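Naming: A, B, ... by sequence-line order, numbering from 1 per chain. These numbers were taken from a predicted model, which means no experiment stands behind them.
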Number of protein chains: 2
Amino acid sequence: MEEEPHIMSDDLMTIRQMCDAFDVTPRTLRFYEARELIFPQRRGQHRLYDRRDRARLKLILRGKRFGFSLEQIRQLLELYQPGGANGSQIAATIAIARERLDDMERQHAELQVAIADLKNQLSDAERRLAAASLEQPTG
Amino acid sequence: MEEEPHIMSDDLMTIRQMCDAFDVTPRTLRFYEARELIFPQRRGQHRLYDRRDRARLKLILRGKRFGFSLEQIRQLLELYQPGGANGSQIAATIAIARERLDDMERQHAELQVAIADLKNQLSDAERRLAAASLEQPTG
DNA sequence: GCGCAGGTTGACGCGAACGTAAGCGAGACG
DNA sequence: CGTCTCGCTTACGTTCGCGTCAACCTGCGC
């Protein structure tokens with residue numbers, strides 16, 4: 001008698017299933033929850049993660065790979081949750097998102113340079129390696 | 001009588017000049033030195049940074065922006081310092097550099113996706129904002 | 001009932017990358 | 001001469017992102 005058709009019983013996952021699916025630890029998921037980045041529902045004591053939680057987690061992990069702090073990510077996530085936010089809320093979120101977007105575009109451009117640079121250094125090093133192996137042929 | 005023509009008296013900079021030039025603190029420079037990422041010469045007690053030190057610092061700060069650890073960066077820097085390394089040393093450095101390069105290329109590709117994604121979310125949010133300002137015209 | 005696996009809540013610990021404060025030269029300046 | 005500014009070292013403090021450990025609940029299989 002507790003089967004409320006909330007909105008849609010998204011296929012729910014336990015914390016362990018989440019950990020296996022995303023290669024994180026339970027500690028990490030609870031930590032993100034404490035920092036208010038995800039909000040799994042509770043069946044009694046246990047956490048249950050739905051489709052939205054998974055989408056959020058995916059974005060969190062992505063953001064981390066780009067070097068964003070959890071707080072920055074938290075702010076960005078509001079953009080992905082069209083919750084009943086008012087105009088100024090939306091505007092604020094948009095402003096933050098624009099900053100992040102700028103960061104990402106700068107990083108994208110700089111990465112391109114750095115990659116080219118590193119490739120050059122690599123081929124130089126490979127030439128040195130070839131030269132070294134000629135001088136001292138591997139016994 | 002202490003003017004030894006070391007190799008080339010690259011225009012030397014004090015720690016403060018470096019800090020101003022690169023927007024870091026003295027603490028940071030000394031920390032990088034302790035971690036063996038830069039090796040400024042000493043005039044008496046004072047540190048003096050030459051062109052190479054500046055090039056290294058530039059790479060360090062770049063690497064940091066991509067989220068690399070100081071240790072990873074330290075290893076990469078060997079690639080940029082054709083010091084008298086032997087064959088296996090060079091080979092090891094090359095291997096490490098290849099891994100970093102892979103990281104960077106993955107990140108570059110993923111960034112492209114994330115940027116497109118974020119742009120979409122942004123335009124969605126902007127539409128919501130427009131809609132909200134129609135429903136509740138700013139009094 | 002009993003143990004056990006799986007989950008939960010604190011609380012403390014830890015490594016990375018510095019910040020910060022204390023105290024000590026050493027040269028420049030009035 | 002005093003004192004100011006730079007810089008140096010030593011050492012403890014801090015923030016972030018979790019790891020780790022203890023202690024507890026809780027359904028389940030026997």
Side-chain angles (χ1 to χ4, degrees), chain A residues 1-3 11-50 53-54 56-77 100 103, chain B residues 1-3 11-50 53-54 56-77 96 100 103 107:
Chain A
M1 282 286 207
E2 298 193 2
E3 312 288 284
D11 22 53
L12 299 173
M13 291 174 59
T14 74
I15 201 171
R16 182 111 305 277
Q17 291 172 323
M18 288 291 281
C19 292
D20 293 348
F22 290 91
D23 193 30
V24 295
T25 68
R27 179 68 178 92
T28 299
L29 291 180
R30 296 189 197 110
F31 184 74
Y32 291 166
E33 187 179 348
R35 293 304 196 79
E36 304 191 344
L37 285 113
I38 39 180
F39 312 94
Q41 18 181 311
R42 295 294 184 106
R43 173 104 74 201
Q45 275 289 68
H46 295 26
R47 292 167 170 84
L48 287 177
Y49 300 82
D50 62 15
D53 296 319
R54 288 192 287 279
R56 291 191 137 233
L57 182 53
K58 198 173 168 184
L59 287 169
I60 294 169
L61 298 177
R62 170 189 281 179
K64 283 202 50 181
R65 266 172 261 136
F66 300 151
F68 292 152
S69 74
L70 292 184
E71 174 56 21
Q72 288 177 324
I73 295 170
R74 191 189 62 73
Q75 294 173 344
L76 256 187
L77 280 174
R100 291 299 131 258
D103 288 351
Chain B
M1 284 284 211
E2 296 191 2
E3 312 288 285
D11 21 53
L12 299 173
M13 292 173 60
T14 74
I15 201 170
R16 181 111 307 274
Q17 291 173 324
M18 288 290 282
C19 292
D20 293 347
F22 290 92
D23 193 32
V24 294
T25 68
R27 179 70 179 90
T28 299
L29 291 180
R30 296 188 198 111
F31 184 76
Y32 291 166
E33 186 179 345
R35 293 305 197 76
E36 304 190 341
L37 284 112
I38 38 180
F39 311 95
Q41 15 180 314
R42 294 294 184 105
R43 174 106 72 198
Q45 274 288 67
H46 295 26
R47 292 167 171 83
L48 288 176
Y49 300 83
D50 62 16
D53 295 319
R54 289 193 286 279
R56 292 192 137 229
L57 181 54
K58 197 174 168 185
L59 287 169
I60 293 169
L61 298 178
R62 170 190 279 178
K64 283 203 52 183
R65 266 172 261 137
F66 300 150
F68 292 151
S69 74
L70 292 185
E71 174 56 20
Q72 288 177 324
I73 294 171
R74 192 189 61 74
Q75 294 173 344
L76 256 187
L77 280 175
I96 290 176
R100 292 299 130 256
D103 288 350
Q107 201 171 350

Presence of [X] side-chain N/O under 4.0 Å of [N] phosphate oxygens OP1/OP2:
X: A:R35; N: D:dT15; value: no
X: A:T25; N: D:dC18; value: no
X: A:R47; N: C:dG7; value: no

B:R27 (side chain) and C:dG19 (base): donor-acceptor pair under 3.5 Å
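A donor-acceptor contact between them is present.
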Separation of atom [atom1] in [X] from atom [atom2] in [N], rounded to whole Å:
X: B:F31; N: D:dT15; atom1: CZ; atom2: P; answer: 17 Å
X: B:R42; N: C:dA26; atom1: CZ; atom2: C1'; answer: 15 Å
X: A:Q45; N: C:dA5; atom1: CD; atom2: C1'; answer: 16 Å
X: B:Y32; N: C:dA17; atom1: OH; atom2: P; answer: 8 Å
X: B:Q17; N: D:dC6; atom1: CD; atom2: C1'; answer: 12 Å
X: B:K64; N: C:dC18; atom1: NZ; atom2: C1'; answer: 8 Å
X: A:H46; N: D:dC25; atom1: NE2; atom2: C1'; answer: 9 Å
X: B:Q72; N: C:dG15; atom1: CD; atom2: C1'; answer: 14 Å

For the side chain of [X], counting heavy atoms from C-beta on, which of [options] is nearest?
X: B:L70; options: C:dC18, D:dG7, D:dC18; answer: C:dC18
X: A:I15; options: D:dT20, C:dG7, C:dC18; answer: C:dG7
X: B:S69; options: C:dA17, D:dG7, C:dT8; answer: C:dA17
X: B:T28; options: C:dC18, D:dG17, C:dA16; answer: C:dC18

Taking all atoms of both residues into account, what is the closest heavy-atom pair of A:D53 and A:I38, and its distance?
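Looks like O-CG2, 4.0 Å.
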How close do B:R74 and B:E71 get, counting heavy atoms only, and between which atoms?
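For B:R74 and B:E71, the tightest heavy-atom pair comes out as NH2-OE2, 2.8 Å.
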Categorize B:R30 for me: base, sugar-phosphate, or nothing, with a 4.0 angstrom heavy-atom threshold over every strand shown.
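Base, at least one base atom sits under 4.0 Å.
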Output the distance between atom CE (A:M13) and atom CG (A:D20), rounded to the nearest 0.5 Å.
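That separation rounds to 8.0 Å.
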Could you grab the distance from atom OH of B:Y32 to atom NZ of B:K64, nearest 0.5 Å is fine?
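Between B:Y32 OH and B:K64 NZ, I get 4.0 Å after rounding to 0.5 Å.
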Going by the side-chain contact (heavy atoms from CB on, under 4.5 Å) test, name the single residue among B:D11, B:T14, B:L29, B:L12 that passes it with B:Y49.
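Testing B:Y49 for a side-chain contact (heavy atoms from CB on, under 4.5 Å) against B:D11, B:T14, B:L29, B:L12 leaves exactly one candidate, B:L29.
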